[in-house]
There are 2 protein chains.
Amino acid sequence: MARPTTKDLARVAGVSRATVDRVLNGRDGVKKNTVDKVNAAIRQLGFERNLSAANLAKGRTYRFVFVLPESGDQFLEEILRHIREAGNVFAAEMVWASVQHVDGNDPHAISTFLSSLSRQDTDGVAIMAPESPQVRDAITRLQDRGLRALPFISNQALSENHCVGIDNRSAGRTAATLMGRFIRAQKGQILVIAESMRSRDSIERRYGFDEVINARFPHLTPLPSLETYGSAARTRQVLQAAVARNPDVVGAYILSSEARIPLDVLEDMTFSERLVSVAHERTPCTEASLLSGRLDAVITQDPGHLVRSAIRRLRALCDNRNTLNSQEKIRVEILLPTNL
Amino acid sequence: MARPTTKDLARVAGVSRATVDRVLNGRDGVKKNTVDKVNAAIRQLGFERNLSAANLAKGRTYRFVFVLPESGDQFLEEILRHIREAGNVFAAEMVWASVQHVDGNDPHAISTFLSSLSRQDTDGVAIMAPESPQVRDAITRLQDRGLRALPFISNQALSENHCVGIDNRSAGRTAATLMGRFIRAQKGQILVIAESMRSRDSIERRYGFDEVINARFPHLTPLPSLETYGSAARTRQVLQAAVARNPDVVGAYILSSEARIPLDVLEDMTFSERLVSVAHERTPCTEASLLSGRLDAVITQDPGHLVRSAIRRLRALCDNRNTLNSQEKIRVEILLPTNL
DNA sequence: TCATTTTTGAGACACGTGCATCAAAAATAT
DNA sequence: ATATTTTTGATGCACGTGTCTCAAAAATGA
C-alpha cells in the first residue's frame with residue numbers, strides 16, 4: 001500500500017541509494033548493466049518519484065513570464081486577471097507567474113526583450129506575439145540558453161510545442177455552422193470584420209469560416225474581410241461602404257478578439273432584416289451583447305484554462321514530463337444566452 | 001524573493017517555532033494575544049505554507065472512492081477512463097482514486113456501501129447516485145465519521161457542497177435554444193426522450209428546455225417526455241405512438257446520457273421533414289452521429305474535467321482549503337460537427 | 001506567599017529526495 | 001603482476017513542516 005521509495009528501489013535492485021540516485025537523475029558513470037537493474041526494479045515496484053519530496057529537496061521554483069501585447073483589449077484583461085489568480089493558486093507549488101507587456105506589432109522589441117531573459121531569473125516564457133522571423137529566432141536562442149518557451153494563444157510555428165490555444169480553423173468553422181443554421185433568409189451576404197487580417201489567427205478563422213459556409217450554406221456569401229485597425233471611424237466607414245455595395249446583408253462575423261467597436265457601429269446601422277451576429281471571446285461586452293440579443297453566439301476559449309494550461313505545460317517542460325493531453329486541449333466553446 | 005518559512009514567522013512574531021506550529025495547525029493552549037501576534041506576522045510576511053513540505057512531513061495521502069452506478073453506459077465508460085487516467089497524474093501528489101460500482105436504483109445498497117467506509121481506508125467519496133432520503137442520511141453519517149463527501153454529476157441536495165457537474169437547467173435551456181434556432185419549420189412538435197424522468201437531472205433539463213421553447217419559440221410544441229427505460233422495444237413502441245399522434249414532429253431532444261437506442265430507433269422511422277436532433281454527453285456514439293448528420297448538436301460536460309474537479313475539490317475539503325471557483329465551474333459545452 | 005495550572009520554548013526526529021564527498025571495490029590497461 | 005581508471009557504496013547534510021517530549025516561564029488560584 002505504501003508507496004515504494006528510493007530505499008526500496010535500492011534494496012530490490014541490489015544497489016546503493018547513491019546509485020539509484022545516479023540512475024534516476026540521469027548522471028553518468030553508471031554501467032549499463034546497473035542501469036538496467038534499477039530500471040527493472042522501478043518497473044517491478046511501480047516506483048514513482050515523490051514530487052513533494054523532490055521539489056522540497058531541490059528548493060525548486062518555477063519562474064514564468066507571460067509576454068503579452070500592450071493592448072487594453074477586454075479579452076487580454078481577462079487573461080491578466082487569470083494570471084494573477086493562478087499566481088495565488090500555484091504559489092503553493094512554487095510557481096511564480098509574472099507579466100511583461102511589449103508592443104505586439106514590434107518584432108524587434110519582442111526579440112530584444114526575449115534576449116534579455118536568462119536562467120538567472122526565469123525558467124519559462126509564454127509568448128503571445130504574432131509570428132515573425134525575428135521572434136522565432138529569439139525563441140530559438142531562448143531555448144538554447146535553457147529556458148522553456150511556449151507559444152500562447154497567438155499561433156507561433158514552433159516545431160514541437162504546439163500553441164496553447166484553440167484550433168482557430170475549427171473555431172471559424174464552428175462560427176460558420178452556427179451562422180448558417182441561425183440565418184433564415186434564402187440568400188444574403190455575411191460581413192466578416194477583423195481588427196487586422198495580418199495575424200495567423202484571423203487568417204485561420206476566416207479560412208475555416210469560408211470552408212463551411214461554401215460547403216454547407218452555398219446560398220450565403222461571405223464578403224471580403226473588413227479591417228478596422230481598432231478605429232471606430234474607420235470601422236464605420238468600411239462597414240457602410242460594404243453595406244452600400246451589398247443590399248442583402250444577413251449576418252456579421254466578428255473574428256477578432258475585440259468586438260466592442262464593430263458591435264457599436266452595427267447597432268447604429270439599419271438592415272433589411274435583423275442580422276445574425278457571431279463574435280469571439282467571452283468579455284463583459286460580448287456577454288452583455290448575448291443577453292441583450294445584439295449577439296447570437298460567441299465562440300470562445302476559457303481564459304482561465306488557457307493560463308493554467310500554459311503554466312502546467314511550462315512546468316512539465318521544465319521537469320521533462322509529459323502533460324495530460326486531454327487536460328491541455330483547449331476547447332472551442334460556444335456561448336449562447338442560455339449557457340453563460 | 002525567497003518564500004518566508006515558519007522560522008521567519010517565529011522570528012518576526014517573537015515566538016518559538018513550536019508556538020507558530022500550534023497556531024498554524026489550530027492546536028489549543030495558546031493565548032489569544034499570541035495567536036494574534038503570529039497571525040500578524042503571517043500577514044506581514046505574506047507567509048504561505050509550503051504544501052510540498054507539509055505533505056511530506058505528514059506522509060499525507062488522499063484515498064478517494066468514486067461511487068458509480070453499474071451501467072454499461074458510454075458516458076460512464078468515459079468517466080471511468082478519466083478516473084484511471086487521473087489516477088496516474090495525481091499519483092505524484094499522493095492521491096489514490098478507486099471506483100466502486102453499486103446499483104444506482106437501490107438506495108439501500110448505496111447506503112450500505114457508504115456505511116462500510118471508514119477513515120481507516122478512505123478520505124473522501126464522490127457519489128453519483130439519485131437522491132433519496134436513505135442516501136442522504138448515509139452521506140451525513142459519512143461526514144460525521146470525518147470522511148468528505150461530494151455529489152458527483154447526479155444532483156444530491158447536500159447543503160454546502162454543491163454538485164460537481166453542470167447546471168442541468170441551463171443545459172436544457174441551451175438545447176432548446178439550438179433546437180429552436182435550427183428548426184426552420186413554421187410549426188411542429190418536438191419529441192422529448194428520456195431513459196427515465198425520475199432523476200433530478202432529467203427533470204431539470206426538461207424544465208429548462210420547456211422554459212426556453214415556450215418563451216422564445218412558441219410555434220414549437222414540446223411533447224410529453226417519453227421514457228425508454230433503456231429498452232429498445234419499448235423505445236420503438238412509445239416513439240411510434242407519439243409520432244402517430246403528432247403529424248408534424250420536427251425535432252427530437254434526447255435528454256438522458258445514453259443516446260444510442262433512441263437514435264437507432266429514430267433512424268428507422270420516417271418523418272415529413274428531416275428532424276433536428278439534440279442529445280447529451282460526448283460519447284463515441286454521439287460523436288459519430290454528429291459527424292454523420294444524425295445529430296445536429298450535443299450538449300455535454302467534459303468528463304475529464306468532472307473527474308479532476310471532483311478530485312481537486314475532495315482534496316480541498318480534506319485540507320480545509322478553498323478551491324478556485326472559476327476552475328471548478330463545469331461548463332455547458334456545445335458540440336457541433338465542426339468543433340469536435 | 002506558595003502551589004497549581006496554563007502557556008511557551010528548546011530541541012530532536014521524521015518524511016523522501018537531491019546532492020555532495022571520500023573511500024572501497026571492480027574493471028581495464030600496462 | 002601492478003597501476004590506472006571506472007564504477008559503486010557509505011554516509012551526511014539539506015529542504016520546510018509536522019509532531020513529539022520535557023522543561024522553563026508566566027499566569028492564575030488560594
Side-chain angles (χ1 to χ4, degrees), chain A residues 1-42 45-62 91-96 318-321, chain B residues 1-42 45-62 91-96 318-321:
Chain A
M1 200 67 212
R3 286 168 57 110
T5 70
T6 51
K7 236 177 234 166
D8 300 318
L9 270 189
R11 191 170 35 74
V12 170
V15 299
S16 72
R17 216 175 68 76
T19 300
V20 167
D21 171 69
R22 289 178 181 115
V23 175
L24 279 181
N25 296 293
R27 305 181 218 290
D28 44 359
V30 185
K31 278 210 298 186
K32 177 156 182 328
N33 192 274
T34 313
V35 174
D36 292 343
K37 276 198 294 186
V38 174
N39 283 328
I42 289 176
L45 295 179
F47 171 85
E48 272 183 273
R49 181 190 318 238
N50 180 331
L51 256 191
S52 293
N55 285 340
L56 175 61
K58 277 193 293 206
R60 185 86 170 88
T61 60
Y62 304 87
E93 303 170 39
M94 308 308 245
V95 171
W96 300 76
C318 289
D319 296 342
N320 294 313
R321 279 186 300 112
Chain B
M1 200 68 213
R3 286 166 57 108
T5 70
T6 50
K7 236 178 233 166
D8 300 318
L9 270 190
R11 190 170 36 72
V12 170
V15 299
S16 72
R17 215 175 69 74
T19 299
V20 167
D21 173 68
R22 289 178 182 116
V23 174
L24 279 181
N25 296 293
R27 303 182 221 292
D28 44 358
V30 185
K31 279 211 297 187
K32 173 149 186 332
N33 192 274
T34 314
V35 174
D36 292 342
K37 276 198 293 185
V38 174
N39 283 328
I42 290 176
L45 295 178
F47 170 86
E48 272 183 273
R49 182 193 314 242
N50 180 332
L51 255 192
S52 294
N55 285 338
L56 175 60
K58 279 193 293 207
R60 185 86 170 92
T61 60
Y62 303 87
E93 303 170 38
M94 308 308 238
V95 172
W96 301 76
C318 289
D319 297 342
N320 293 314
R321 280 185 300 110

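Order of the sequence lines sets the chain letters (A, B, ...), proteins ahead of strands, with each chain counted from 1. Note that the structure is a prediction, hence the values are computed from the model and not measured.
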Show me the donor-acceptor pairs within less than 3.5 Å that the side chains of residues 27-34 of chain B make with the rest of the protein, sequence neighbours left out.
residue: B/R27; atom: NE; partner: B/D21; partner atom: OD2; Å: 3.2
residue: B/R27; atom: NH2; partner: B/D21; partner atom: OD1; Å: 3.4
residue: B/R27; atom: NH2; partner: B/D21; partner atom: OD2; Å: 3.1
residue: B/K32; atom: NZ; partner: B/D36; partner atom: OD2; Å: 3.0

Discussion item. Please report the interatomic distance NZ(A/K37) to OG1(A/T19), rounded to the nearest 0.5 Å.
Written reply: 9.0 Å

Worksheet entry | Partner residues of A/I42 under the side-chain contact (heavy atoms from CB on, under 4.5 Å) criterion, sequence neighbours left out | A/L9, A/L24, A/V38, A/N39, A/F47

Worksheet item: Under the side-chain contact (heavy atoms from CB on, under 4.5 Å) test, which residues partner B/A53, sequence neighbours left out?
Response: A/L56, B/N50

Discussion item. Minimum heavy-atom separation for B/R3 and B/R49, please, with both atom names.
Written reply: NH2-O, 3.5 Å

Practice prompt. Summarise protein proximity over nucleotides 9-21 of chain D in one line of letters, 5' to 3': B for base, S for sugar-phosphate only, - for none, counting protein heavy atoms closer than 4.0 Å.
Written response: BB-B--BBBBB--

Discussion item. Going 5' to 3' along DNA chain C, between which two nucleotides do contacts with chain B fall, using a heavy-atom cut-off of 4.0 Å?
Written reply: C/dT7 to C/dG16

Worksheet, complete the sentence: So the salt bridge (charged side-chain N to carboxylate O under 4.0 Å, His left out) pairs with at least one residue in residues 4-20 of chain A (sequence neighbours excluded) are A/D8-A/R11

Worksheet item: Just how far is it from atom OG1 of A/T6 to atom CG of A/L45, taken to the nearest 0.5 Å?
Response: 11.5 Å

